[in-house]
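Let me begin by presenting the structure, written as structure tokens, before commenting on it.
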2 protein chains.
Amino acid sequence: MGDNAIPDADEISILGPSDKKAHRFPRPTVAVDIALLTIDTDRQQLLVVEMARDDTGKWALPGRFLRERETLAVAVERCLADKLSVHGIRPHQLAVFDDPDRDDRDWVISVAHVAVVRPEQLESLGSGSAETRLVPVDRPGELVWDHPAIVRLAKEYVRSRYEAEPDPDRLLGPRFTLSELQRVHEAVAGHSDLSRFAFRRLMKDQLVATGDLNEPTGSRGRPAELFRRKRDRS
Amino acid sequence: MGDNAIPDADEISILGPSDKKAHRFPRPTVAVDIALLTIDTDRQQLLVVEMARDDTGKWALPGRFLRERETLAVAVERCLADKLSVHGIRPHQLAVFDDPDRDDRDWVISVAHVAVVRPEQLESLGSGSAETRLVPVDRPGELVWDHPAIVRLAKEYVRSRYEAEPDPDRLLGPRFTLSELQRVHEAVAGHSDLSRFAFRRLMKDQLVATGDLNEPTGSRGRPAELFRRKRDRS
DNA sequence: GTAATAGTGTCTATTAGACACTATTCG
DNA sequence: CGAATAGTGTCTAATAGACACTATTAC
């Protein structure tokens, strides 16, 4: 296998000098699929946005085909803006799903993404044209194709991020109290296993105290101090 | 995944009834690029395989275009088998590089992969047609395009895996001594920061003692016990 | 014997868990 | 005042680091 003097199709590489070679092969359609997550702070759980497919009665994650010379991040942003009127997201790649038979209509490979948004960013969901639902990631509904695996990857990714860092996906604003932060982390995790003392110790060296106190919240108790994330201006 | 007859591009459109949407858009060429890593146990470092580009004097990671209805893992395996005569790899996806201008000849998106192999698996390197070199990942040579970023992702991925688990990429066989294991881990990390005591405590609950002793090694000292990974037969 | 490598127990320093105690606000 | 929430110090348990000591081999 080592001494091939004749460059045949197997030899073709992106390292080659001419672009003609790239066109010898049929190309897959490339898609993006997005696990759009948010939290329910009251019920302390992570939710994923699912869309009804018009043709069948089934549900799927939002997704779209990649357009010409578009980056994946832009395709994700446009998909969520067009289909769900959701803006200002921070998409992150999870994996490429490449089973050639995953879509029986055509050869499609899909780059799975995750994005985490604040609940307010989903207010426009009902008003859109598409039927949508919000489903707890730990009690998933039926989803087409490999979309359940995407949801699984998405929740693992987000949960592992929230174990190490204070609210890395900005579900809270720049300033927040420790109990607000803890509620967000417990919603992401889906459960609470740290006492307020342990949570404070875990987070305090990644936070900066502002010295300011929280404005009156309506409830009783001593007002809490506001913190901000380290390496974050104001 | 045998060698299916390759229908040409036009034939694809009769595969399904609702494939029209997918064909509205031009599609990118999809490639795989591979950071093929191994260790130098003598110099205690991680190495990456680079290939000379025939046309210019530059170096690049091995890569190839995805062929029709081929999975990415198969493309990676075939690429390394054909170009470098390397077999038996376990490819893992790292990220998709999708800058539309990353290749000025065409619209190409590339799925970066990492694979870790034992040094013996690279014995055939010199005999191949392509010129290759082995470069320490921490003192990288010049590489084209975004390939330096791929090497960076690859080494971070492998190092984080080796922090948690005993030789997850099977650089050693099924049975090994603790000092063999530690040498492998130090080569992956590029440095040694654990005493043999600490290393033993870290690994021992993920290993199973076999009761057998290492065969004479030629060096002095008490013969070491052989261990195997937990959840691994014999 | 000495030098070299392997395995175990132990002492100590650091970290993690639990919680008592004080502080501040609302009603 | 009591109930509720916030912040701090302290006691203790578990874990991590250092290393003394014993074991086994080659020379």
Side-chain angles (χ1 to χ4, degrees), chain A residues 41-44 159-160 162-167 171-187 189 191-230, chain B residues 41-44 159-160 162-167 171-187 189 191-230:
Chain A
T41 34
D42 295 324
R43 313 197 55 166
Q44 294 282 88
R159 283 180 176 164
S160 74
Y162 271 76
E163 275 170 27
E165 245 188 282
D167 188 30
L171 289 162
L172 295 167
R175 290 148 53 96
F176 43 80
T177 69
L178 275 162
S179 42
E180 287 167 349
L181 183 66
Q182 186 165 15
R183 277 194 73 75
V184 166
H185 277 252
E186 288 173 351
H191 55 87
S192 64
D193 39 17
L194 288 183
S195 73
R196 67 188 181 101
F197 313 109
F199 185 78
R200 171 178 290 266
R201 269 213 295 229
L202 180 67
M203 292 295 167
K204 73 165 189 291
D205 53 344
Q206 306 182 64
L207 297 173
V208 180
T210 65
D212 301 340
L213 297 184
N214 197 11
E215 63 234 22
T217 134
S219 77
R220 277 183 283 188
R222 172 174 171 174
E225 187 170 8
L226 290 169
F227 294 81
R228 61 176 178 83
R229 301 172 189 84
K230 226 168 211 172
Chain B
T41 36
D42 295 324
R43 313 195 56 163
Q44 294 283 87
R159 283 180 175 163
S160 74
Y162 272 76
E163 275 171 26
E165 245 186 281
D167 187 31
L171 288 163
L172 295 168
R175 290 148 53 95
F176 43 80
T177 70
L178 274 161
S179 43
E180 288 167 349
L181 183 65
Q182 185 166 17
R183 276 194 73 76
V184 166
H185 277 251
E186 288 173 351
H191 55 87
S192 65
D193 40 16
L194 287 182
S195 72
R196 66 189 179 99
F197 312 109
F199 186 78
R200 172 178 290 267
R201 270 215 291 229
L202 180 68
M203 291 295 167
K204 73 165 187 291
D205 53 343
Q206 306 181 64
L207 297 173
V208 180
T210 65
D212 300 340
L213 296 183
N214 198 12
E215 63 234 23
T217 134
S219 78
R220 275 182 285 189
R222 171 175 170 175
E225 188 170 8
L226 290 169
F227 294 81
R228 61 175 178 83
R229 302 170 189 85
K230 228 167 208 173

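Below, chains carry the letters A, B, ... as their sequence lines are ordered, and counting in each starts from 1.
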Worksheet item: Rounded to whole angstroms, how far apart are CD on A:Glu163 and P on C:dA16?
Response: 14 Å
Item to complete: For B:Leu226 and D:dT24, give me the distance from atom CG to atom P, rounded to whole Å.
Response: 17 Å
Discussion item. Whole angstroms only, please: what is the CD-C1' distance between B:Glu225 and D:dT25?
Written reply: 16 Å
Fill in: For atom CD of B:Glu180 and atom P of C:dT5, their distance in whole Å
14 Å
Between the protein and nucleotides 21-23 of chain C, which nitrogen or oxygen pairs come in under 3.5 angstrom?
residue : atom : partner  : partner atom : Å
C:dA23  : O4'  : A:Arg222 : NH1          : 3.2

Return the polar atom pairs (N/O with N/O) between nucleotides 14-17 of chain D and the protein under 3.5 Å, or none.
residue : atom : partner  : partner atom : Å
D:dG17  : N7   : B:Arg201 : NH2          : 2.3

Discussion item. Does any part of the side chain of A:Leu207, heavy atoms only, come nearer than 4.5 Å to the side chain of A:Leu178, both counted from C-beta?
Written reply: yes
Worksheet item: Nearest-Å distance, CZ (B:Phe199) to P (D:dC19)?
Response: 20 Å
Item to complete: Identify whether any heavy atom of B:Ser179 sits under 4.0 Å from a base atom; if not, whether one sits that close to sugar-phosphate; answer base, sugar-phosphate or nothing.
Response: sugar-phosphate
Worksheet entry | Of all pairs that satisfy ring pair (Phe, Tyr, Trp, His ring centres under 6.0 Å), the ones with a partner from residues 193-224 of chain B, not counting sequence neighbours | B:His185-B:Phe199
Discussion item. The criterion is salt bridge (charged side-chain N to carboxylate O under 4.0 Å, His left out); which residues satisfy it with B:Arg196, sequence neighbours excluded?
Written reply: none
Practice prompt. May I have the distance from B:Gln182 (atom CD) to C:dG7 (atom C1'), rounded to whole angstrom?
Written response: 14 Å
Worksheet item: Excluding sequence neighbours, so at least two apart, what forms side chain to side chain donor-acceptor pair (under 3.5 Å) with B:Arg220?
Response: none
Fill in: B:Arg229 (side chain) donor-acceptor with B:Glu165 (main chain) under 3.5 angstrom
no
Practice prompt. For A:Gln44, enumerate each residue passing the side chain to side chain donor-acceptor pair (under 3.5 Å) test, keeping only those at least two apart in sequence or located in another chain.
Written response: A:Glu186
Worksheet item: Does B:Arg200 put a side-chain nitrogen or oxygen below 4.0 Å from OP1 or OP2 of C:dG7?
Response: yes
Worksheet item: Where the side chain of B:Ala224 is defined as all heavy atoms beyond and including C-beta, which of C:dC26, D:dA26, C:dA6 is the nearest nucleotide?
Response: C:dA6
Worksheet item: How would you list, by chain and number, every residue that makes a side-chain contact (heavy atoms from CB on, under 4.5 Å) with B:Thr177, sequence neighbours excluded?
Response: B:Ser179, B:Glu180, B:Asn214, B:Ala224, B:Leu226
Practice prompt. Specify the separation, in whole Å, of atom NZ of A:Lys204 and atom P of D:dA6.
Written response: 17 Å
Practice prompt. Quickly work out the A:Leu213 CG to D:dA6 P distance and round it to whole Å.
Written response: 12 Å
Discussion item. My understanding is that only residues two or more places apart in sequence, or in another chain, count here; which of them pass side chain to side chain donor-acceptor pair (under 3.5 Å) with A:Arg159?
Written reply: A:Asp138
Worksheet item: Between D:dA6, D:dG2, D:dT25, which nucleotide has the shortest distance from any of its atoms to the side chain of A:Arg220?
Response: D:dG2
Worksheet item: Which residues pass the side chain to side chain donor-acceptor pair (under 3.5 Å) test with A:Asp193, sequence neighbours left out?
Response: A:His191
